[in-house]
Amino acid sequence: MRPVFSREEAYAGWSRLHGGIDPRSSMWISGWVRIAHTCATPLVRAGVSPSTVTVAGVAVMAAVPLIASAGAAWPMVAMLVILVGAVLDGVDGAIAVRAGKASRWGRVLDPFADRCSDLLLVLTLVVLGAPAWLGVSLALLTLLLESVRAHAQATGMEGPGVLTWWERPSRVIVACFATATSAIEWCARRSGIDVLPALDGITLVTIYSIIATVLAVAGLAQLLVAVHSDLED
């Protein structure tokens with residue numbers, strides 16, 4: 001087992017797991033791949049399996065809504081936990097590539113874990129004050145998008161079809177902004193500062209949730225167009 005991986009090998013490995021997409025086409029994706037492979041190095045040396053990291057990532061994400069529900073400045077801690085969970089989500093694939101442990105079970109477990117994490121992030125928005133109906137709508141749209149993608153791939157579509165506006169990075173970013181600003185709002189209120197004087201009764205978390213829902217609708221539309229173009233007879 002060779003723990004040292006070149007940057008190009010990391011890019012090639014990520015591309016194989018994501019339908020041939022070149023991570024170098026995006027500054028964000030290429031940077032994320034480098035971070036994931038750097039974090040994977042000690043785990044590869046220790047012989048940790050990709051599935052173990054996948055399960056650990058879900059366990060970490062499960063703590064997020066619990067921490068956020070503590071209120072006060074705790075949502076800021078929740079944001080840091082989200083980032084740890086997001087890193088683990090990328091590290092499992094890096095380990096699979098570097099250790100040659102990619103498996104059919106892993107291809108089932110990984111998306112299942114991703115959907116669990118997605119729902120936990122939506123639950124966090126609701127815990128922080130987003131309306132329950134908005135959280136349910138966002139959860140359903142997210143699951144619908146991923147269901148369309150999974151069925152299209154089973155039908156013969158190569159790769160993800162298209163990288164939409166509502167992918168895993170977008171979901172993590174929205175949750176991070178929501179948790180961070182919830183803590184900031186609490187600190188501001190303690191100081192007697194009205195964070196949103198013109199939007200009485202509407203929290204920043206609700207605004208983020210609305211933005212996320214719009215992105216999810218747009219992302220689903222993007223994917224349907226791409227799937228139709230790819231699979232049309």
Could you tell me whether a side-chain N or O of Thr52 sits under 3.5 Å from a main-chain N or O of Val48, the two making a donor and an acceptor?
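No.
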
Distance from Leu145 atom CG to Thr164 atom OG1, nearest 0.5 Å?
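Between Leu145 CG and Thr164 OG1, I get 5.0 Å after rounding to 0.5 Å.
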
Linking I/L/V/M/F/W/Y whenever their side-chain heavy atoms sit closer than 4.5 Å, directly or via other members, would Val87 and Val60 fall into one cluster?
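In one cluster: yes.
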
Arg149 side chain near Pro160 side chain, heavy-atom distance below 4.5 Å
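Yes, side chains in contact.
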
Side chain of Gln153, backbone of Gly159: donor and acceptor closer than 3.5 Å?
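Yes, Gln153 side chain to Gly159 backbone: donor-acceptor pair under 3.5 Å.
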
Please give me the minimum heavy-atom distance between Val205 and Ala178, naming the atom from each residue.
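So the two residues come closest at CG2-O, 3.9 Å.
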
Applying the 4.5 Å side-chain criterion to the ILVMFWY set and letting contacts propagate, would Val148 and Val225 be lumped into a single cluster?
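No: no chain of side-chain contacts under 4.5 Å links Val148 to Val225.
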
State, yes or no, whether a side-chain contact exists between Ser51 and Asp92 at a heavy-atom distance under 4.5 Å.
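Sidechains of Asp92 and Ser51: no contact.
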
Please examine the side chains of Thr206 and Thr203, heavy atoms only from C-beta on, and report whether any two atoms are closer than 4.5 Å.
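Yes; the side chains approach each other to less than 4.5 Å.
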
Which residue pairs satisfy the side chain to side chain donor-acceptor pair (under 3.5 Å) criterion with at least one member in residues 128-144, sequence neighbours excluded?
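Side chain to side chain donor-acceptor pair (under 3.5 Å) check on residues 128-144 returns Thr142-Trp166.
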
Minimum heavy-atom distance Leu128-Ala68, with the two atoms named:
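Minimum heavy-atom separation between Leu128 and Ala68: CD2-CB, 3.8 Å.
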
Of all the heavy-atom pairs spanning Ala212 and Val174, show the shortest one and how long it is.
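Result for this residue pair: CB-CG1, 4.1 Å.
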
List the atom of Ala175, the atom of Leu121, and the distance in Å for their closest heavy-atom pair.
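Minimum heavy-atom contact is CB-CD2, 3.8 Å.
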
Between Ser117 and Asp89, is there a side-chain heavy-atom distance shorter than 4.5 Å?
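Of all side-chain heavy-atom pairs linking Ser117 with Asp89, none is under 4.5 Å.
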
When rounded to the nearest 0.5 angstrom, what is the spacing between CD1 in Ile173 and CD1 in Ile82?
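Those atoms lie 11.5 Å apart.
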
Tell me whether Val84 is reachable from Val53 by hopping between hydrophobic residues (I, L, V, M, F, W, Y) whose side-chain heavy atoms are closer than 4.5 Å.
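Cluster IDs for Val53 and Val84 match.
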
Go through the side-chain N and O atoms of Glu167 and Ser170 and say whether any donor and acceptor fall under 3.5 Å apart.
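Looking only at side-chain atoms, Ser170 and Glu167 do not form any donor-acceptor pair under 3.5 Å.
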
For Thr181 and Phe177, indicate whether the former's side chain and the latter's backbone hold a donor-acceptor pair under 3.5 Å.
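Yes.
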
Yes or no on side chain to side chain contact (heavy atoms under 4.5 Å, CB included) for Thr41 and Arg45, after CA distance, side-chain angles and deciding distance?
CA-CA 6 Å; Thr41 297; Arg45 288 173 177 163; 3.7 Å; yes

Under 4.5 Å between side-chain heavy atoms, counting indirect links through other Ile/Leu/Val/Met/Phe/Trp/Tyr residues: same cluster for Leu163 and Val33 or not?
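Yes, Leu163 connects to Val33 through the hydrophobic network.
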
Hydrophobic clusters here meaning ILVMFWY residues chained together by side-chain heavy-atom distances under 4.5 Å, can you tell me if Val172 and Ile35 are in one?
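No, no single cluster joins them.
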
What's the separation between atom CD1 in Ile184 and atom CE in Met76, rounded to the nearest 0.5 Å?
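If I round to the nearest 0.5 Å, the distance is 5.0 Å.
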
When you measure from the side chain of Ser229 to the backbone of Ala226, do you find a donor-acceptor pair of N or O atoms at a distance under 3.5 Å?
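Such a contact is absent between Ser229 side chain and Ala226 backbone.
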
Test item: Ser49 and Ile95 side chains (from C-beta on) under 4.5 Å apart, heavy atoms
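Of all side-chain heavy-atom pairs linking Ile95 with Ser49, none is under 4.5 Å.
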
What's the spacing between Leu120 CG and Met61 CE if we round to 0.5 Å?
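So the CG of Leu120 and the CE of Met61 are separated by 8.0 Å.
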
Side-chain donor or acceptor of Gln222 paired with backbone N/O of Val162 under 3.5 Å
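Not a single qualifying donor-acceptor pair exists.
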
Ignoring hydrogens and angles, tell me if any N or O in the side chain of Arg115 forms a donor-acceptor pair with the backbone of Asp110 under 3.5 Å.
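Answer holds: no.
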
With rounding to the nearest 0.5 Å, note down the distance linking CE in Met79 to OG in Ser182.
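Taking CE in Met79 and OG in Ser182, the distance rounds to 11.5 Å.
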
Any sub-3.5 Å donor-acceptor pair from His151's side-chain atoms to Ser147's backbone N or O?
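Judged by distance alone, yes, a pair lies under 3.5 Å.
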
In the structure I gave you, are the side-chain heavy atoms of Leu125 and Leu134 within less than 4.5 Å of one another anywhere?
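Leu125 does not reach Leu134 side chain to side chain.
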
Nearest heavy-atom neighbours spanning Ala216 and Leu141
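So the two residues come closest at CB-CB, 3.9 Å.
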
Closer than 3.5 angstrom, by distance alone: can the side chain of Arg171 be matched with the main-chain N or O of Asp118 as a donor-acceptor pair?
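Pair absent, no side-chain N/O of Arg171 close to backbone of Asp118.
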
CH2 (Trp186) with more than 12 external heavy atoms under 6.0 Å
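More than 12 heavy atoms, drawn from other residues, nucleotides or ligands, come within 6.0 Å of this atom.
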
Who passes side chain to side chain contact (heavy atoms under 4.5 Å, CB included) against Ser69, sequence neighbours left out?
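Applying side chain to side chain contact (heavy atoms under 4.5 Å, CB included) to Ser69 gives Val127.
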
How long is the gap from CD1 on Ile210 to CG on Leu138, to the nearest 0.5 Å?
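Between Ile210 CD1 and Leu138 CG, I get 11.5 Å after rounding to 0.5 Å.
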
Considering non-hydrogen atoms only, spot the tightest contact between Ala72 and Pro75 and give its length.
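Nearest heavy atoms, Ala72 then Pro75: O-CD, 3.3 Å.
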
